[in-house]
Amino acid sequence: MAVRAAEWHKLPLSLTELCINTTLRCGQSFRWRKSAEDEYSMALHGRILSFRQDATHLHYRAIFPPSLPTPPPSNAPSLAPSVVSDDDDTLALVRHYLNLEPNLVQLYEQWASEDPNFKKRAPKFTGIRILRQDPWEALIGFICSSNNNISRISGMVHNLCKHYGPLIGHVGDEPYHDFPTPEALADPKVEAHLKELGFGYRAKYIAKTAQIVATDKSLAWLEELCNPESPVFGQEPKPAGQLEMGGREGYRKAHDELLALHGVGPKVADCVCLFGLGWSESVPVDTHVWQIAQRDYKFGKGKHSSLTAATYTAVANRFRALWGKEAGWAHSVLFTADLKAFSERVVAKTEVKEEVITVKKEEDGTEEIEDVKKIETIKRKRVKKEVDEPEHIVEVKEEVLTRSSRRRRAR
DNA sequence: GCCGGACCTAACTG
DNA sequence: ACAGTTAGGTCCG
């Protein structure tokens, strides 16, 4: 049982280039678990990867499974532990997964210079970086995300790994499983089992998508949809063409092909493109982003009064025009700033008890509230306890609620 | 192309 | 207490 020594290594990195406490929890990945105070872990590429971070360094550790009973066939994919230095491999994996190449500080400056709203909201949400996740894992994870919340999605993904993914090892007593293969999820029994596990209507989507990928298509098909500038771990980057209004050609093709899968609509397809396939111009327009587009970017009126397919494209194109090739990165900053789980950071200013109602005459003479009616009330509430957070019993925070009188949830 | 309803679940809301 | 709403939507008619 010679588990290879699991030592911590470190990498100089500022919190403005990457903040794991935000990036790993903002809903782009559902796999990271808190394995200790200020420590996050998940199984990745046949090992358990753990992160810690301080003001100057990122600390990482890899725990490998005890050496395999039988060596895998020589043509086996990625799982084969390399004979050469594991540390070098893990460092390369960390750099790849965390997508450390782009200069994030510079990008924030660029977005802020083009967009006053970004400039206003981003300062409290620095270091949010788009990860390079496994495409298959991103696909299934975001199929789970429909009509759902991050905490429940994480639980579902955890269950998928626990029941269908290979065990990689333990951190303390906690087992860590890798993400299941399409074949593992293509078993006919999967749908019923997932329903028992509380997946609801998503059980069918997952089972069907797994069957299609495992039989009709393949993992290679999915991975070939990757941005060639940002390929899966171990492949050489190639140029990906010019940005157009609707995104690069490869992005549009990837988005289009993903739409054919069950449970994959425009939003989920964009999440897979952005978080799993490396298409940085992809802008998933979900309920949050739609709210943001209405509140801060003058959408929600006239032609684009509800989030139809046409409006979806218009919003995404608008953000691409505004933020450029890494629009999806900027989008994720504003998205995170809008998440309730991080709302404590934006409550600094209080005392806004204002009400603005714009009324517009319709052709038929009826009056209709056109602008989002902003009634910001200050509400005191107990901060929702994070699952594995220590007990802060009577911490009281203020939360700003914004109500709109109509079109609250145009879907 | 657009609209409305159904779809699973669990926690939160008034 | 308890029905309604929401949480990173999608599908169908």
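A, B, ... follow the sequence lines: proteins, then strands. Residue 1 opens every chain. All values derive from a computational prediction rather than experimental measurement. Only this structure's heavy atoms are used, side chains among them; waters, hydrogens and symmetry mates stay out.
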Whole-Å distance, A:Y205 OH to B:dC7 P, equals 11 Å
Check every atom of C:dG8, C:dG9, B:dT9 against the side chain of A:F275 and return the nucleotide holding the closest atom. C:dG8
Check whether NZ of the Lys or CZ of the Arg A:R52 lies under 6.0 Å from the centre of the six-membered ring of A:W8 and within 45 degrees of that ring's axis. yes
If you round to the nearest 0.5 Å, how far is SG of A:C144 from CZ of A:F30? 8.5 Å
Secondary-structure string, 5' to 3', Watson-Crick or G-U under 3.5 Å, | for another-strand partners, for DNA chain C: .||||||.|||||
Atom CZ of A:F30 and atom C1' of C:dA7: how far apart are they, to the nearest Å? 11 Å
Distance flag, aromatic centroids of A:H158 and A:F179, threshold under 6.0 Å: no
With DNA chain C as reference, determine whether A:Q28 or A:G263 sits nearer its 5' end, using the nearest nucleotide of each. A:Q28
Rounded to whole angstrom, note down the P distance from C:dG4 over to B:dG5. 15 Å
Ignoring hydrogens, what is the shortest heavy-atom contact between A:L139 and A:V272? Give both atom names and the distance. CA-CG2, 3.6 Å
What is the distance, rounded to the nearest whole Å, between atom CG of A:N149 and atom P of B:dC12? 10 Å
Compare side-chain N and O positions of A:S306 against OP1 and OP2 of B:dC3 and report whether any pair is under 4.0 Å apart. yes
Salt-bridge criterion met for A:R47 and A:D89 (N-O under 4.0 Å): yes
What is the distance, to the nearest angstrom, from the CG atom on A:D286 to the C1' atom on C:dA7? 10 Å
When the P atoms of B:dG4 and C:dT5 are considered, how many whole Å apart are they? 16 Å
Can you tell me how far P in C:dT10 sits from the matching atom in B:dA11, rounded to whole Å? 24 Å
If you measure from the P atom in B:dC2 to the same atom in C:dA7, how many Å do you get, rounded? 24 Å
Under 4.0 Å, heavy atoms only, any strand: does A:V285 hit a base, just the sugar-phosphate, or nothing? nothing
Classify the nucleic acid contact of A:C26 as base, sugar-phosphate or nothing, counting any heavy atom under 4.0 Å across all strands shown. base
Could you tell me whether A:A310 contacts a base, only the sugar-phosphate backbone, or nothing, with contacts defined as non-hydrogen atoms closer than 4.0 Å? sugar-phosphate
Atom CG of A:L185 and atom NZ of A:K208: how far apart are they, to the nearest 0.5 Å? 16.0 Å
Sub-4.0 Å heavy-atom contacts from residues 312-337 of chain A onto DNA chain C, ordered by number: A:H331, A:F335
Closest of C:dT10, B:dT9, B:dC7 to the A:R152 side chain is B:dT9
Would you kindly give the CG-to-P distance between A:L259 and C:dC11, to the nearest whole Å? 8 Å
For B:dA6 and C:dG8, measure between their P atoms and round to the nearest Å. 24 Å
B:dC2, OP1 or OP2 - any side-chain N/O from A:T308 closer than 4.0 Å? yes
Taking the minimum atom-to-atom distance to the side chain of A:T287, which one of C:dA7, C:dT10, B:dC8 wins? C:dA7
Choosing from B:dC7, C:dG8, B:dC2, which nucleotide comes nearest the side chain of A:S145? C:dG8
How many whole angstroms separate atom CD of A:E196 from atom C1' of B:dT9? 15 Å
Any base atoms under 4.0 Å from A:G27, or only sugar-phosphate, or nothing? Heavy atoms, all strands. base
Any carboxylate oxygen within less than 4.0 angstrom of a Lys/Arg side-chain nitrogen, looking at A:R121 and A:D296? yes
Counting C-beta onward and ignoring hydrogens, is there a side-chain heavy-atom pair between A:V94 and A:F51 closer than 4.5 Å? yes
Please report the distance separating the P of C:dG13 from the corresponding atom of B:dC8, rounded so that it comes out in whole Å. 15 Å
In whole angstrom, give the distance that lies between atom CD1 of A:I153 and atom P of B:dA10. 14 Å
Run the salt-bridge test on A:D134 and A:R31 with the 4.0 Å N-O cut-off and return the result as yes or no. no
Contact summary for A:L219 and A:W136, nearest pair of heavy atoms: CD1-CB, 3.8 Å
Using side-chain contact (heavy atoms from CB on, under 4.5 Å), reason through A:F199 and A:L160 one step at a time and then give a plain yes or no. CA-CA 10 Å; A:F199 280 64; A:L160 280 179; 3.8 Å; yes
Calculate the interatomic distance between A:Q291 atom CD and C:dG9 atom C1'; express it in whole Å. 14 Å
